[in-house]
Amino acid sequence: MFFGSSFFFWMIAALGTLILPWHMQQDGVSLSTLMGLGAEDAEAASTLWQALHFGRFWFWPVIAALALALPGALPFGSACTRGRVLIIAGSFGLLSIIAQGFAIGIQGWNYPFLEAVFGELQDRQFGIGLGGALGFIGFLVLLTDGLALRGYFKGDRFIAGAVGVLIACIVIFTAWPVTTILAQIFTSQGDLGVADAMAARLFDRKIWGLACVTSTANCGVFWNTLVLATSTATAATLLGLCFALIVTRTSFPARRALRLLTVLPIITPPFVIGLGLILIFGRSGVVNQLADSLFGLQLGRWIYGFNGVWLAQVFSFTPTAFLVLIGVVEGISPAMEEASSTLRASRMRTFRAVSLPLMLPGIANAWLVVFIESLADFGNPIVLGGSFGVLSTEIFFAVVGAQQDFGRAAVLAGIMLVIALCAFIIQRVVIGGRSYVSLTGKGDVGLPTPLPTLVRRMAYAIALPWAFLTITVYTMALAGGFVRVWGRDWTPTLSHFKRAFALEWSASGALILSGGAWHSLFTTIKLAAIAAPITAVLGLLAAWVLSRQRFFGRTALEFALMLTFAVPGTVIGVAYILTYNLPPLEITGTAMILIACFVFRNLPVGVRSGVAAMSQLDKSLDEAAVTLRASTFRSLRTVVLPLLKPAIVTALVYAFVRAMTTVSAVIFLVSAQYEMATVFIINRVINGDYGLAIAYCSALIVLMMAAIGLINLLVGSRRLGRRQAAALIGGRA
Amino acid sequence: MNNKAAEVRLEGIAKRYGKVEAVKPLDLIIEGGTLVTLLGPSGCGKTTLLRMIAGLEQPSAGRLFIGGRDVTLLSAGERNVSMVFQSYALFPHMTVLENVSYGLISSGFGKKDAAARAEAALETVGLRGFGARLPSEMSGGQQQRVAVARALVLEPAVLLFDEPLSNLDTRLRRSMREEIRALQQRLGLTVVYVTHDQSEALAVSDKIVVMRNAEIAQAGTPEALYASPENVFVATFMGEANHVRGSIESVTGDTAQVALDALTLALPHRGLGTGPCDVVIRPEAIRLADNGPGIAGQIARATYMGAHTEYLIATPLGELFAIHPDRLNRRRAGSAVMVTLDPEGVVLVRP
């Protein structure tokens with residue numbers, strides 16, 4: 001077995017260091033530039049050639065590590081010795097790659113003390129490319145192989161390798177960027193020193209000001225964000241609970257139709273609601289026009305600001321709360337309620353004294369989920385916020401505005417991160433400590449008690465008008481694509497679609513995609529299609545490692561992974577451009593940064609659906625495979641994976657759709673070459689071109705429904721019921 | 001794989017989870033070609049012990065030998081053992097034949113060869129022609145046989161059973177345990193078998209290892225465990241038993257004179273000295289008479305069980321539980337009775 005052996009990975013490391021060009025190539029890698037050994041340009045050369053021919057001495061340690069690893073990678077000698085050799089050589093290789101990458105940048109030495117030691121360097125280097133990536137992976141696997149040979153991870157190379165890859169991913173794509181952005185807080189600004197600049201940013205009145213309490217001026221963005229998130233979470237949770245109670249505990253005729261609401265936030269680009277609200281309540285919106293023509297009332301622009309953003313967020317996130325709370329209400333054992341009613345409690349008393357307290361942790365969880373979503377939301381505030389700033393939009397303006405103040409962005413991001421982490425930790429404690437739902441076993445029988453009349457009427461009174469409003473907003477939002485100029489010229493037209501998706505035949509008969517939206521649409525689909533399988537594989541791998549394997553440091557890995565879930569998209573976006581703008585990993589402006597962003601933003605869903613599915617899979621199936629002499633990899637491939645099909649579908653669908661609809665992080669990362677659909681739409685909205693934006697949105701929604709259907713068909717799962725719905729909880733904008 | 005029917009030797013094997021001792025350090029030898037049961041109440045460590053033999057858990061201390069080879073550090077796949085799981089753990093997405101040939105293909109057999117051997121194994125367990133079915137299309141008993149065939153086909157040095165019959169109904173359980181026993185004897189396999197059901201253990205075992213609180217309470221043949229349990233726990237766990245207090249009057253040679261209320265019995269002293277002692281009386285050793293010598297008692301409850309009658313008798317020794325085969329002359333609750341004891345079913349034990 002050559003493939004997958006330690007020697008195979010040594011060959012990969014050797015290929016990366018000796019043959020392939022180490023650095024990233026400006027024009028991409030083609031067959032002719034693959035040979036980096038003997039290249040004429042230093043930048044196109046492999047490390048060996050750079051060290052030999054161009055005197056780049058800093059590559060010698062990497063090459064030495066490779067030579068050192070060879071005896072360990074060959075299957076001769078005792079496992080103990082080989083293990084030690086591989087651990088030493090592997091970590092030496094990784095360290096020297098990292099050290100040389102950070103030491104030398106595009107302007108020579110990155111640190112003055114290095115210049116003092118080695119003298120001035122008349123050279124420079126760019127970011128790591130194909131060779132560097134392969135070299136890194138090769139050394140990483142050699143290191144984990146060594147650990148496995150020494151008996152760590154139960155001596156299992158596959159588990160060791162999986163854990164190594166996961167740790168490397170978390171460090172490179174989350175820990176490093178977040179550290180980088182937090183470090184920006186400690187930079188000087190203008191003629192201010194570090195401490196003064198930091199103090200000025202940190203205690204900015206624009207962040208903490210409370211002027212709105214006493215006057216009509218705006219409060220600081222911190223308070224804006226906090227008040228917005230709190231009120232959105234409260235309203236959405238209340239509405240979600242009403243919907244959940246109606247769907248699960250009444251005989252309301254349109255129960256199934258209401259359930260469809262839960263799908264909406266998944267397939268809707270995050271600002272569609274905002275657009276719909278503008279079309280209804282905006283200056284040329286339906287309501288304003290009616291009020292003006294019937295009563296001569298000027299309603300003005302009340303929709304822009306806190307009111308509008310709040311309304312839009314409640315519309316956007318009520319389905320999320322609904323989704324969480326369906327699970328909570330259904331999870332309450334009917335036996336409890338039946339016990340209560342046999343103990344002569346009235347329905348109302350049963351509801352108040354038994355059902356509601358049992359739901360409380362779940363309700364708190366739903367509240368926190370919406371709170372975090374509102375905090376991270378970027379689409380609605382940017383469309384409707386006006387002068388009402390929240391943290392996510394302020395970060396955006398600090399970075400893209402004329403000021404280009406990364407220090408300020410970093411401070412705002414830091415504040416946002418702290419709030420998100422607090423909410424996240426509280427959420428963990430709430431679910432971890434008192435989840436009554438999970439206590440109920442399989443043997444539950446009985447019928448759920450119907451709701452008390454008063455509660456039922458209240459639920460109807462609150463939820464049904466809201467459901468009607470939601471449908472209206474969506475209808476308006478989508479109808480807007482079919483009229484010439486909303487509010488002024490109501491002539492039905494397809495011109496917006498034509499502008500976006502026009503096709504023309506050239507004189508020579510070739511098809512020309514002349515519509516303005518084609519480019520961004522194809523880019524989006526392509527990148528989402530690349531990112532989705534990577535997300536699914538990494539997510540399920542993480543889920544499997546965490547739920548099925550015991551090894552030293554498992555809890556730490558789990559915690560680190562959970563923390564990466566809590567980082568809001570806007571923070572990730574800014575952190576990525578700051579981190580990957582410079583060598584050693586210079587991927588800003590490439591497709592890679594977008595793919596990495598999609599993968600690590602959506603990883604939580606893969607992990608959660610994997611963990612949920614894995615917990616329903618009898619552990620003795622894995623064990624049976626192992627006692628039947630299957631290797632860990634074989635048991636994963638032949639037993640676990642086939643049984644996880646529904647989870648794989650969920651992860652794939654979700655990763656794909658989220659990648660297509662996300663806006664908060666990608667808005668920082670797009671470039672002219674790689675423009676995303678959502679960013680294209682946002683820019684149209686900012687320019688007031690609502691027609692085109694709406695036409696594009698409806699095309700996206702249709703496309704995503706088609707994608708969901710297609711993926712289901714391809715993976716061939718017939719089961720996409722409750723379990724999937726439960727796993728979709730808690731995505732972020 | 002010709003080290004069939006290997007001996008299993010445990011030396012100081014122990015398992016701790018944090019501070020909890022799941023298995024205290026113990027030594028055990030399982031001879032080749034025998035069927036040994038690990039018997040005990042739930043939580044006594046028997047399954048942990050089995051999983052350590054299988055290689056699914058790493059012992060915290062001690063060494064494990066299979067066929068003389070130290071396998072302590074080997075993984076489950078490298079130990080030449082196979083296991084039948086309590087839930088059977090049949091792969092639900094594979095056919096019966098794919099399930100049975102799974103281990104063969106893992107061990108490097110070709111597809112054809114593996115299929116032929118799997119067919120043969122299915123035939124051994126009486127499931128010829130069922131290969132194309134999915135596990136979900138078979139009854140519980142048939143699934144059980146598939147699980148056995150899947151383990152058997154690898155010709156393992158040791159075959160492990162983890163409560164294999166607990167998911168079957170009573171009638172099926174009885175016939176399956178006889179089949180397993182017959183198969184083990186026909187093929188001369190070494191089998192380690194975990195159960196909490198003492199009648200199952202008595203029926204199938206060459207040797208029973210009774211476990212309690214993470215250690216071995218007593219190990220021996222079924223006859224030895226039933227007839228001469230070492231302590232009250234083993235006695236009461238191995239079938240019904242009345243535990244009473246008596247006193248040893250004198251010891252001569254191997255025999256002790258034991259006073260039990262009005263009766264004095266000559267019993268093997270089993271290393272005990274004179275003084276108060278613990279005595280176990282099997283229900284079938286209690287004889288009832290209307291008069292004559294014996295312990296005076298009163299029937300507290302009589303339960304008709306069809307083939308026999310069960311009595312609860314109030315005596316100065318305490319309430320005694322007795323089984324009587326006499327179907328015709330049933331005694332009524334409340335009637336007086338004289339109790340005598342058959343020394344065959346009475347034994348001195350340690351507390």
Side-chain angles (χ1 to χ4, degrees), chain A residues 1 4 78-80 83 148-160 442-443 548-552 554-555 613-649 715-719, chain B residues 1 17-18 47 50-51 53-58 72-94 98-109 114 118 135 143 146-156 158-164 167:
Chain A
M1 289 285 279
S78 80
C80 203
L149 280 173
R150 295 285 293 178
Y152 294 93
F153 303 102
K154 290 194 297 188
D156 195 314
R157 287 183 55 222
F158 182 76
I159 300 173
K442 278 180 192 164
R548 283 298 209 259
Q549 307 298 333
R550 286 156 178 258
F551 51 89
F552 179 74
R554 195 187 72 101
T555 338
M614 219 91 67
S615 65
Q616 302 197 334
L617 207 61
D618 187 357
K619 205 176 172 185
S620 56
L621 287 172
D622 305 28
E623 291 175 351
V626 171
T627 59
L628 292 170
R629 300 177 196 162
S631 66
T632 314
F633 181 65
R634 179 166 143 82
S635 80
L636 184 66
R637 184 172 59 81
T638 56
V639 176
V640 179
L641 277 188
L643 294 173
L644 282 186
K645 259 189 187 174
I648 298 172
V649 178
V715 186
S717 160
R718 263 166 262 123
R719 287 188 295 163
Chain B
M1 275 192 219
Y17 296 108
T47 296
L50 187 81
R51 289 168 58 84
I53 298 174
L56 295 171
E57 306 261 359
Q58 287 296 314
T72 320
L73 292 174
L74 294 186
S75 77
E78 298 164 330
R79 290 190 178 193
N80 199 12
V81 298
S82 49
M83 179 152 165
V84 176
F85 290 81
Q86 182 170 13
S87 61
Y88 314 145
L90 298 179
F91 306 132
H93 57 301
M94 299 183 193
E98 283 169 341
N99 262 291
V100 178
S101 45
Y102 188 88
L104 292 167
I105 290 173
S106 304
S107 330
F109 282 87
Q143 290 182 14
V146 176
V148 172
R150 187 175 71 175
L152 210 57
V153 73
L154 294 174
E155 301 179 5
V158 184
L159 190 53
L160 308 171
F161 287 89
D162 183 11
E163 308 215 11
N167 288 336

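Residue numbers start from 1 in every chain, and the chains themselves are labelled A, B, ... in the order their sequence lines are given, proteins ahead of strands.
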With sequence neighbours excluded, tell me which residues meet side chain to side chain donor-acceptor pair (under 3.5 Å) with B/Glu78. B/Ser75
Counting only non-hydrogen atoms closer than 4.5 Å, does B/Arg150 touch chain A with its backbone (N, CA, C, O), its side chain (CB onward), both, or neither? both
A/Tyr152, OH atom: more than 12 neighbouring heavy atoms under 6.0 Å: no
Heavy atoms of B/Tyr102 and A/Ser635 approach each other most closely as OH-CA, 3.7 Å
Qualifying residues under side chain to side chain donor-acceptor pair (under 3.5 Å), relative to B/Gln143, sequence neighbours excluded: none
Contact part of B/Phe91 toward chain A, heavy-atom cut-off under 4.5 Å: side chain, backbone, both or neither? both
Given a strict heavy-atom distance threshold of 4.5 Å, which part of B/Leu90 is in contact with chain A: side chain, backbone, both, or neither? backbone
Minimum heavy-atom distance B/Asn80-A/Arg629, with the two atoms named: OD1-NH2, 3.2 Å
Distance check, rounded to the nearest 0.5 Å: B/Ser87 atom OG versus A/Lys619 atom NZ? 13.0 Å
Considering all heavy atoms of both residues, which atom of B/Ala89 and which atom of A/Ser620 are nearest to each other, and what is their separation? CB-O, 3.4 Å
Heavy atoms, side chains only, cut-off 4.5 Å: are A/Thr627 and B/Leu56 in contact? yes
Proximity breakdown for A/Thr638 and chain B, heavy-atom pairs closer than 4.5 Å: both
Are B/His93 and A/Lys645 close enough, and set up right, to give a side chain to side chain contact (heavy atoms under 4.5 Å, CB included), and what steps lead you there? CA-CA 11 Å; B/His93 57 301; A/Lys645 259 189 187 174; over 6 Å; no
Given B/Pro92, B/Ser82, B/Gly55, the one with more heavy-atom pairs under 4.5 angstrom with chain A than any other is B/Pro92
To the nearest 0.5 Å, atom CE of B/Met94 lies from atom CG of A/Leu643 at 8.0 Å
For chain A, which candidate among B/Gly108, B/Ala147, B/Gly103 shows the most heavy-atom pairs at distances under 4.5 Å? B/Gly103
